[in-house]
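Structure, as structure tokens:
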Amino acid sequence: MATLSNPSFLLHLSLIITAMCFAVSQPFIGVNYGQVADNLPAPEASAELLKSTTVGKVRLYGADPAIIKSLANSGIRIVIGAANGDIPSLASDRLGDSWVNANVLPYYPESNITMIAVGNEVMSSGDESLVSQLLPAMQNVQNALNSAPKIKVSTVHSMAVLTHSDPPSSGSFDPALVNTLQQLLAFQKDNESPFAFNPYPFFSYQSDPRPETLAFCLFQPNSGRVDTGSGKVYSNMFDAQVDAVHAALSSMGFKDMEIVIAETGWPSRGDSNEVGASVENAKAYNGNLIAHLRSLVGTPLMPGKSVDTFIFALYDEDLKRGPASERAFGLFKTDLTMAYDVGLDKSGSTHKNSPTSPITPAPKTGTQWCIPKVEVTEAQLQANIDYICGSQVVDCGPIQPEGACYEPNTISSHAAFAMNLYYQKFGRNPWNCDFSQTAMLTSQNPSYNACVYPGGST
Ligand SMILES: *[C@@H]1O[C@H](CO)[C@@H](O)[C@H](O)[C@H]1NC(C)=O
């Protein structure tokens with residue numbers, strides 16, 4: 001590659017990308033703005049709060065005009081919802097026009113409405129009449145959007161539309177839904193609309209409450225699982241659930257359909273039988289998820305990009321029914337302070353570490369080094385050495401015979417030196433310390449004797 005021969009260009013480019021990613025809003029990180037509460041801040045106050053974060057988009061369950069207006073000209077994109085109860089009239093009466101005229105067009109494009117989610121978890125609701133009216137309702141809304149063709153029309157599914165999701169490569173939809181889904185997906189493909197669904201690793205942990213499952217759900221290092229079908233290694237449950245949906249879409253002929261995570265999150269408290277509902281775990285899940293999305297590593301089946309993800313939720317919703325966890329998903333308290341820090345604050349994001357680094361973020365100014373994960377095979381490490389030293393943009397002299405880092409003459413020691421050098425040279429972004437998920441960041445200086453590992457703060 002021509003650009004590889006010009007490391008200063010690459011370094012410069014990655015610095016620009018870093019600046020873009022961390023200083024401004026990130027379109028792929030969103031939050032759900034639920035309103036089942038009687039103590040929420042005013043829309044204007046919430047809009048100011050959102051503008052102080054790197055959140056790039058917001059999803060509403062309805063089309064509250066005060067909230068939509070409060071986000072005008074804010075740079076924040078908006079997904080609005082048509083409720084399940086609106087579906088029959090949208091489907092039968094060709095009410096698409098009046099719904100769009102009332103809820104969308106008066107505010108657009110000042111308020112950047114980018115998608116309309118028609119219905120929530122309709123396909124798995126068991127309500128056959130509603131299921132059969134979903135596509136006609138979406139078509140009527142789509143037809144009403146002639147004057148705003150950039151707005152997408154989608155619907156949101158729960159994980160229950162899948163009968164298989166483990167291992168991810170076996171992902172497939174419920175056979176009872178396949179005929180309806182086939183038509184729905186064909187319509188969405190024609191209109192370039194994404195498949196939206198709600199993965200909740202928290203609920204997977206409820207049904208399999210083992211420590212290793214919690215570690216896998218919380219993006220902890222060394223908790224990876226191998227997909228026995230594809231041979232791919234999954235480092236966290238989120239990627240596994242996203243890829244299960246990708247596999248299910250592929251098996252129906254929609255391999256290229258974009259995926260949107262309409263909801264995911266973790267409660268900060270729960271009833272005594274809701275294992276793992278705690279502030280510490282909520283912070284770990286949401287914080288590590290955000291770091292993972294920012295790293296742009298992607299999933300094993302869709303590497304190199306991040307799916308648009310709406311975290312549930314902006315605030316706790318005190319009027320929600322059900323177990324205590326239902327009222328405890330908020331990232332912010334209703335007094336506008338953080339419930340816990342997940343690194344969304346625009347003025348100083350603390351979550352710049354790698355997706356597999358520990359929950360507690362390294363101090364902002366802390367020096368970091370990139371080293372191999374412990375469980376990685378020598379063959380993988382040798383491949384990293386060959387790639388890095390073969391690229392000729394880093395100086396592998398110190399690990400040649402006579403070099404200061406030649407001893408101990410082991411593959412893992414040489415790989416550690418080369419991987420760190422590459423990471424330091426290419427901008428110290430989390431994704432520069434990935435190497436197909438074989439690397440991790442550390443704040444322990446690995447230098448010894450005359451062998452100095454260059455370090456640097458992120
Ligand atoms: C509105 O959102 C679209 C789609 O994400 C984006 O391309 C566009 O730049 C946004 N417009 C403004 C004014 O922010």
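Read the numbers this way: they start at 1 and go in the same order the structure lists the ligands and their atoms.
- Considering each of Ile76, Ile78, Ile113, Asn112, the one bringing a non-hydrogen atom nearest atom 13 (C) of ligand 1 is Asn112.
- For atom 2 (O) of ligand 1, a protein heavy-atom neighbour is found at a distance under 4.0 Å.
- Backbone and side-chain nitrogen or oxygen atoms of Thr114 are examined, and none is located within less than 3.5 angstrom of a nitrogen or oxygen of ligand 1.
- In this structure, Phe203 and Phe329 have tilted ring planes: the angle between them lies in the 30° to 60° band.
- Judged purely by atom type and a 3.5 angstrom limit, Asn420 has no side-chain atom pairing as donor or acceptor with the backbone of Trp369.
- Atom 9 (O) of ligand 1 has its closest protein heavy atom at Arg77 NH2, 4.3 Å.
- Below 30°, between 30° and 60°, or above 60°: for Phe173 and Phe195 the angle between ring planes is between 30° and 60°, a tilted geometry.
- Heavy atoms of other residues, nucleotides or ligands lying less than 6.0 angstrom from NZ of Lys232 number 12 at most.
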